[in-house]
Amino acid sequence: FETYNRILNEAINELKENEYKELFATREPLEQNEHVVFVEDCQIDTDLELLFPDDYITNVSERMSLYRELDQIQQEEDLQRFESGLRDRFGILPPQSTELLEVVRLRWLANRLGFEKLILKNGKMIGYFISNPESDFYKSKIFSHILKFVQQQPARFRMKEGHNKLTLTCEPIASVQAASELLRILCEEES
């Protein structure tokens with residue numbers, strides 16, 4: 001059901017940007033509206049261990065329920081309450097679980113910066129920007145800021161277009177925390 005809802009939301013947003021663009025043209029200009037949402041959700045693909053270990057939460061159904069609850073969290077305060085609840089019930093979080101909670105923050109930042117997908121593997125991060133080249137995202141203030149930021153640090157960043165996808169690669173990125181810090185800097189610089 002959750003996957004169906006996510007796919008449905010993506011399809012609706014695509015229709016808003018393409019076929020029914022004129023109906024939604026009364027929006028504020030992008031320069032004036034700082035809180036435009038271009039990406040509903042960002043997929044994270046990683047070779048890092050992000051989980052609640054079996055020896056931390058022994059009950060499988062409880063672990064699955066907590067994963068679902070974590071996926072629904074949208075606010076920092078709620079995430080902190082969730083983390084506090086885990087500590088109260090199960091003790092100090094293992095490193096894999098701390099990184100799992102940090103990946104939620106990473107998704108929020110990636111959404112804000114227009115990434116549909118992030119890959120964290122082999123010590124680097126590859127971000128896939130919105131696949132629709134006609135998206136208003138590419139005319140936005142935030143995209144201009146990302147371009148400027150990348151141009152100022154050419155040794156660390158590479159932008160590339162291939163298979164009709166624009167990607168941003170950054171090295172070295174060894175953890176979810178490091179990726180979050182980088183995207184947080186991009187978000188703060190943009191504001």
Spacing of [atom1] belonging to [X] relative to [atom2] belonging to [Y], to within rounding of 0.5 Å:
X    : Y    : atom1 : atom2 : result
K117 : D45  : NZ    : CG    : 5.5 Å
S180 : R105 : OG    : CZ    : 8.0 Å
L118 : C42  : CG    : SG    : 4.0 Å
T167 : K165 : OG1   : NZ    : 10.5 Å
L113 : L168 : CG    : CG    : 9.5 Å
L48  : T46  : CG    : OG1   : 3.0 Å

(request) Could you tell me which residues satisfy ring pair (Phe, Tyr, Trp, His ring centres under 6.0 Å) with F157, sequence neighbours excluded, listed by chain and number? (result) F149

(request) Check whether any side-chain N or O of S140 sits under 3.5 Å from a backbone N or O of F137 as a donor-acceptor pair, and report yes or no. (result) yes

With the side chain counted from C-beta on, respond yes when [X] and [Y] share a heavy-atom pair under 4.5 Å apart, and no when they do not.
X    : Y    : result
L100 : V176 : no
I146 : Q151 : no
I142 : L186 : no
F115 : V39  : no
K160 : L166 : no

(message) Tell me every residue that passes side-chain hydrogen bond (donor to acceptor under 3.5 Å, both in side chains) with N59, counting only those two or more places apart in sequence or in another chain.
(response) S61

(request) Return the set of residues passing side-chain hydrogen bond (donor to acceptor under 3.5 Å, both in side chains) with Q80 (not counting sequence neighbours), or none when no residue passes. (result) E76

(message) E99: which residues meet the salt bridge (Lys or Arg N to Asp or Glu O under 4.0 Å) condition with it, sequence neighbours left out?
(response) none

(request) Quick one: list whatever passes salt bridge (Lys or Arg N to Asp or Glu O under 4.0 Å) with D54, sequence neighbours left out. (result) R63

Residues in side chain to side chain contact (heavy atoms under 4.5 Å, CB included) with [X], at least two apart?
X    : result
P94  : P53, Y56, Q96, S97
V104 : L70, L79, W108
R156 : Q153, C170, P172, I173, L182
E40  : N13, V37

(message) Count I, L, V, M, F, W, Y as connected when their side-chain heavy atoms are under 4.5 Å apart, and connections chain through other members. Are L109 and V150 then in the same cluster?
(response) yes

(request) Could you name each residue pair satisfying ring-ring contact (aromatic ring centres under 6.0 Å, His included) that touches residues 165-187, not counting sequence neighbours? (result) none

(message) Against E83, only a single residue in I73, D78, D88, L101 fulfils side chain to side chain contact (heavy atoms under 4.5 Å, CB included); can you say which?
(response) L101

Residues 123-133, side-chain donor-acceptor partners within the protein, below 3.5 Å, at least two apart:
| residue | atom | partner | partner atom | Å |
| --- | --- | --- | --- | --- |
| S131 | OG | E116 | OE1 | 3.3 |
| N132 | OD1 | E134 | N | 2.9 |
| N132 | ND2 | E17 | OE1 | 3.1 |
| N132 | ND2 | N18 | OD1 | 3.3 |

(message) Less than 4.0 angstrom from a charged side-chain N to a carboxylate O is my criterion; do R184 and E181 meet it?
(response) no

(message) Under 4.0 Å between a side-chain nitrogen and a carboxylate oxygen: does that hold for R68 and D71?
(response) no

(request) Kindly give the cluster partners of I92, where membership spreads through any ILVMFWY side chain lying under 4.5 Å from a current member. (result) none

